[in-house]
Structure formats: C-alpha cells, structure tokens
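As a basis for the values below, the full set of heavy atoms in this structure was taken, side chains included, without hydrogen atoms, waters or symmetry mates. Start at 1 with the first residue, then count along the sequence.
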Amino acid sequence: MVTTGAAVVGRIGLQLTLVLFLSVVVVTLFAALLTAPQRDEIGEFYLGNRAMSPLRNGLAMCGDYLSAATLLGSTGLVALTGYDGLLYLCGTAVAWMMVLLLIAEPLRNTGRFTLGDTIALRLPRGQRPVRLALAVCTLAVATLYLVAQLVGSIALLTQFTGEPSATTRTLCVVVIGTIVIVYAAIGGMPGATFIQVVKAVMLISGVTVTAVMVLHRFDWNIDALLAAAADNSGEGSRFLEPGLRYGASTTSKLDFFSLQLAIVLGLAALPHVMMRLLAPKQVAVLRTSVVWAMGLVSLVCLAAGILGLGATAIVGRDAIAQTDRKGDAAVLLLAQNLGGGLLTALLSCLAFVTLLAVAAGLTLAAASSLAHDLYGEVIRKGRAKETEELAVARLSAAAIGILGMLLALIAWGANTATLAFLAFAIAASALLPTLVYTLFWRRFTAQGALLSLCGGLVSSVLLVVFSPVVSATASSLYPTADFAWFPLQNPGIVSIPAGFLLGWLGSVLTRPEMPENYADFEVRTLVGIEEK
C-alpha cells in the first residue's frame with residue numbers, strides 16, 4: 001500500500017483525473033438514460049438492443065471481461081516478476097477459446113435471460129431448487145467481484161493521496177457505488193452496454209498508445225526493451241526466465257496452475273459474460289462478436305505486457321516496489337515518466353471508468369438472476385408480471401450495490417486480486433460444471449446440478465478460508481493466527497474437479513430425466529431458434 005506522501009502524481013494529478021472522470025461519467029449517464037428501456041419489458045431490460053453489430057457486441061464483451069486488474073494489476077505483475085507475469089497474461093487471453101469453442105453457441109441457442117432458463121429447459125422437473133442454488137452462486141460470484149472493483153477504487157485513490165482517511169474511503173466507495181446503481185437499475189442492459197463500449201474503446205486506445213510510446217522509446221527494438229528490463233530489475237537474466245514468483249517451489253507452481261485453471265475455465269461461467277452471450281439475436285452475430293472479443297482482449301494483454309516491461313526498463317523494479325509492493329502503481333509511474341501528469345491522469349481516469357463499467361455489468365447480472373430466477377420462478381412460480389419482475393430487478397440492483405459498498409468499506413484492506421480470483425474459482429467450480437453437464441451430458445439430473453452448485457461454492461470458500469490467504473503468513477488477513485491446512489492460495493485445482501465430480505455423483509445416484517427432454521434440448525443446442 002502506498003504510504004502518505006508517496007503518492008504518484010499528487011493532488012494536481014488527482015484533480016485532473018477527477019475532472020476527466022466526471023466528464024466521462026456525465027456523458028455516459030446521460031447516454032444511459034437516453035438508451036434505457038422505454039417500455040416495461042423484462043427482455044429489453046435484461047438483453048437490451050439485440051440488433052447490435054458484431055463489432056459493438058465484441059467491444060461490449062471485451063469491456064465486460066477486462067477489469068482494472070488488467071490495466072494495473074497485470075501490468076504490475078509483469079513489472080515485478082517478468083516472465084511469470086507474461087505467462088499469467090496468456091491465461092487471460094486464452095480463456096476466450098473456452099467460450100468460443102464450447103459454450104457460446106449452445107448457451108445462446110438454449111438460453112433466454114439467465115443460465116437458469118437453460119437449466120429449466122433441460123431439467124423441467126427439478127428446476128426451482130436448482131434456480132435457487134444458481135441464484136446464490138451468481139450472487140456470490142458477482143458480489144465478490146463487485147467488492148474487488150470497489151476496493152480497487154480505494155487502492156487507485158491511494159496512488160494520488162497516500163493512505164486515505166475513513167471519510168475519503170467512504171466518499172470514494174459511495175460515489176462509485178451510486179453511479180453503478182444508476183447504470184444498472186435505470187439503464188439496464190442498454191445502459192450497461194453503452195458504458196462497456198465506451199470503456200472498451202478507451203481502454204484499447206489508452207494501452208495501445210502508451211505501448212507505442214514505450215516501443216518508440218526503445219526505437220522499436222524488442223531486444224533492447226527486454227535487455228533494459230532485465231538490467232533494471234535487479235535480477236538480471238532471471239527476470240526473463242520462469243520461476244521468479246511462481247517457480248520457487250512445487251507449492252508455488254501448483255498455485256500458479258490452480259490460478260490459471262480458474263481463470264481459463266471461470267471466464268465462461270461469469271454471470272455478466274453469460275448474459276452478454278445471450279444478447280445477440282442471431283448465432284452468426286454471436287460467433288463474430290466472440291472472435292472480435294478474443295482479438296481485442298489479446299491486443300490489450302499484449303499491450304499490458306509491453307507496459308509492464310517498459311515500467312521495469314524505464315522506472316526500475318525497486319522504485320515500483322517501494323511505491324506499491326503489489327505493483328499496481330507501475331503503469332502510473334510509467335505514464336508519469338513518458339507523458340507527465342496529463343498521460344498519468346488519462347490512464348488513471350481510464351482505470352476509474354474500467355472499475356465503474358465492470359461493476360455495473362456485475363450488478364446487472366446479479367440483479368437479473370435474483371429477479372428472474374429467485375423471485376420470478378422460485379417465489380412467484382412463473383406467475384409474476386413483467387412490470388412486477390422489472391421492479392424487483394431494479395430494487396435488486398440497488399440492494400446489491402449497497403451491499404457491495406458496505407462490504408468494500410469493511411474489507412478495504414483486503415487484496416483485490418484474492419477477491420477476484422475467488423470469484424473466478426467459484427464460477428469455474430460451481431457454475432461451469434452445471435453449465436457443461438446441462439449442455440452436453442444426457443444423464444445429468446437436477447440432483448446433480450444441486451450438488452455441483454452447492455459443492456463447488458462451499459469447497460471454494462472453505463479452501464480459501466483455510467489457506468494462507470486468511471492466516472499463517474505475514475500478508476494474510478489474520479497474520480497472527482494459524483489455521484491454514486490448505487497450502488495453496490487459489491482453490492481451483494481442487495474445487496473445480498470437486499464440482500464436476502459432485503455433479504456426476506448426484507446424477508448417477510438419482511433417476512434419469514425423461515429421454516425426450518434431452519432429445520429436444522439437444523436439437524435446440526445445435527439448431528437454435530432464430531428470433532425475428
């Protein structure tokens with residue numbers, strides 16, 4: 001954490017950043033209100049304008065996925081750990097292959113508004129308990145990721161002001177959280193889509209231009225950039241070799257594999273990403289949108305790698321670590337060196353907008369699940385009117401936003417990466433097995449879905465609670481306690497197989513669903529129903 005007086009650009013930079021940020025917020029809020037659903041139809045609120053072009057939809061997908069962790073955290077990881085950080089970025093880009101090849105088209109063909117609709121079509125007899133468990137898992141994933149974004153806004157603020165006071169922390173979280181609620185509750189999917197597209201364009205442009213400036217500094221010579229990074233890393237050639245962070249022991253290697261497994265598999269099951277996959281009206285648009293998203297995410301990851309190496313080469317690894325031991329300040333220190341206060345303010349504004357956009361998408365996804373799956377189908381048993389469900393969705397967005405603010409203020413000192421990685425682990429351990437079995441396994445039953453959802457959620461949380469994240473090390477939440485019997489910080493290597501195993505076990509121990517259910521469902525996954 002940055003100490004008081006060690007801020008990156010100080011109050012002038014903060015004022016310029018706030019002016020830019022507020023300008024973007026005013027424009028996007030106005031646009032979100034203009035594009036908000038004009039009719040009381042849940043389809044328009046959940047999925048928005050389904051006539052978007054593949055490029056716009058791909059930009060929105062890219063915006064949904066890329067958080068401030070990509071701009072700040074991933075860049076800092078490369079700056080501090082070199083090769084290991086670059087390897088981490090590869091998982092971020094490769095994750096989209098899972099979406100394109102396995103999930104996107106069948107989910108879009110069988111889904112309506114949420115994953116619960118796909119499961120209800122596949123398992124009509126036991127859908128209500130499954131929808132309830134699904135809503136709990138969705139809320140857990142979305143809330144963890146939302147809290148990570150709000151806590152990240154405080155961490156970003158410290159780069160300017162040093163350690164913030166309690167009043168400053170509260171003000172920052174409340175402002176960001178309130179804007180998020182407005183986007184989600186009033187704008188719905190159209191409003192969230194607009195801010196995601198704006199954020200994606202800003203993010204792609206910002207990191208690309210800054211990466212070009214880094215390459216220009218080294219006369220477009222990659223070898224010179226790598227050599228300078230190695231020289232200023234304090235590690236020499238080890239900086240460009242595997243093992244600086246994750247290869248010190250077998251445990252660290254397993255931890256890294258567990259993390260990458262959760263990222264690669266968890267992306268396909270993130271609630272706000274699944275909602276985005278359901279939005280295109282035609283399958284051809286979806287395919288092209290996912291390809292656009294893959295390309296744009298890969299471009300951002302490539303640029304983030306260049307920025308991380310550039311930060312080490314130009315600023316120096318020791319200077320970055322002294323400012324922020326996690327490396328989140330690396331890109332801002334680099335911007336200060338390359339373009340002064342203006343470039344730093346632009347990238348800081350971009351980070352705030354990125355936090356805002358991802359939080360809005362998460363809030364909307366969680367609110368949709370609570371309103372549609374929990375209220376509409378479990379509590380009201382499918383008899384809720386559209387206006388009634390829409391009101392519940394908007395109230396749910398407000399409630400989730402307030403819950404996220406409270407948790408962020410309580411957990412503001414927590415590691416944002418840990419919260420985000422736990423969200424990925426739950427998505428990969430609970431939601432993904434249920435989704436894969438629903439789409440592709442004839443023998444899958446409602447009991448299997450319940451065990452997979454509950455088992456994946458509980459195993460992920462318990463393994464983290466009894467890991468070094470919570471106790472036993474100096475960086476733990478409770479460093480003086482020691483009840484960590486699970487050696488890894490990332491539970492995916494155990495919880496993901498557990499989720500799949502429990503889904504299989506619950507299915508083979510119960511009576512199969514009617515064969516004709518899966519036959520009709522399989523046809524729909526392959527052919528789909530094109531909407532006019």
Engineer: Would you call V24 and C349 a side-chain contact if the rule is heavy atoms closer than 4.5 Å?
Structural biologist: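 In contact.
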Engineer: Going by ring pair (Phe, Tyr, Trp, His ring centres under 6.0 Å), name the residues that satisfy it together with F444, two or more places apart in sequence or in a different chain.
Structural biologist: Y437
Engineer: Are any side-chain N or O atoms of H272 and backbone N or O atoms of D64, one a donor and one an acceptor, separated by less than 3.5 Å?
Structural biologist: yes
Engineer: How long is the gap from OG1 on T118 to CG on L107, to the nearest 0.5 Å?
Structural biologist: 5.0 Å
Engineer: Testing the basics here: between A428 and A262, what is the closest heavy-atom pair and its distance to 0.1 Å?
Structural biologist: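 Closest heavy-atom pair between A428 and A262: CB-O, 4.1 Å.
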Engineer: Picking from M274, H372, M275, E377, what satisfies side chain to side chain contact (heavy atoms under 4.5 Å, CB included) with T114?
Structural biologist: H372
Engineer: Strictly distance-based, threshold 3.5 Å: is any side-chain N or O of R122 a donor or acceptor partner for the main-chain N or O of R442?
Structural biologist: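 Yes: the side chain of R122 pairs with the backbone of R442.
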Engineer: Are the side chain of K199 and the backbone N or O of L356 linked by a donor-acceptor pair below 3.5 Å?
Structural biologist: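 Not at all, since once roles are kept as given, no pair shorter than 3.5 Å links the two residues.
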Engineer: With R131, which residues qualify under salt bridge (Lys or Arg N to Asp or Glu O under 4.0 Å), at least two apart?
Structural biologist: D117, D373
Engineer: Can you tell me how far apart CZ (R108) and OG1 (T525) are? Round to the nearest 0.5 Å.
Structural biologist: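 Taking CZ in R108 and OG1 in T525, the distance rounds to 12.5 Å.
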Engineer: Measure the spacing between CG of L463 and CD of Q489 and express it to the nearest 0.5 Å.
Structural biologist: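 Going from CG on L463 over to CD on Q489, the span is 13.0 Å.
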Engineer: Look up atom CD1 in I306 and atom OG1 in T75, then write down how far apart they are to the nearest 0.5 Å.
Structural biologist: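 Between atom CD1 of I306 and atom OG1 of T75 there are 11.0 Å.
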Engineer: Taking the six-membered ring for Trp, are F194 and Y183 ring centroids under 6.0 Å apart?
Structural biologist: no
Engineer: Check for a donor-acceptor pair, side chain of S153 on one end and backbone N or O of L150 on the other, with a separation under 3.5 Å.
Structural biologist: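 The answer is yes, because a donor-acceptor pair under 3.5 Å joins these two groups.
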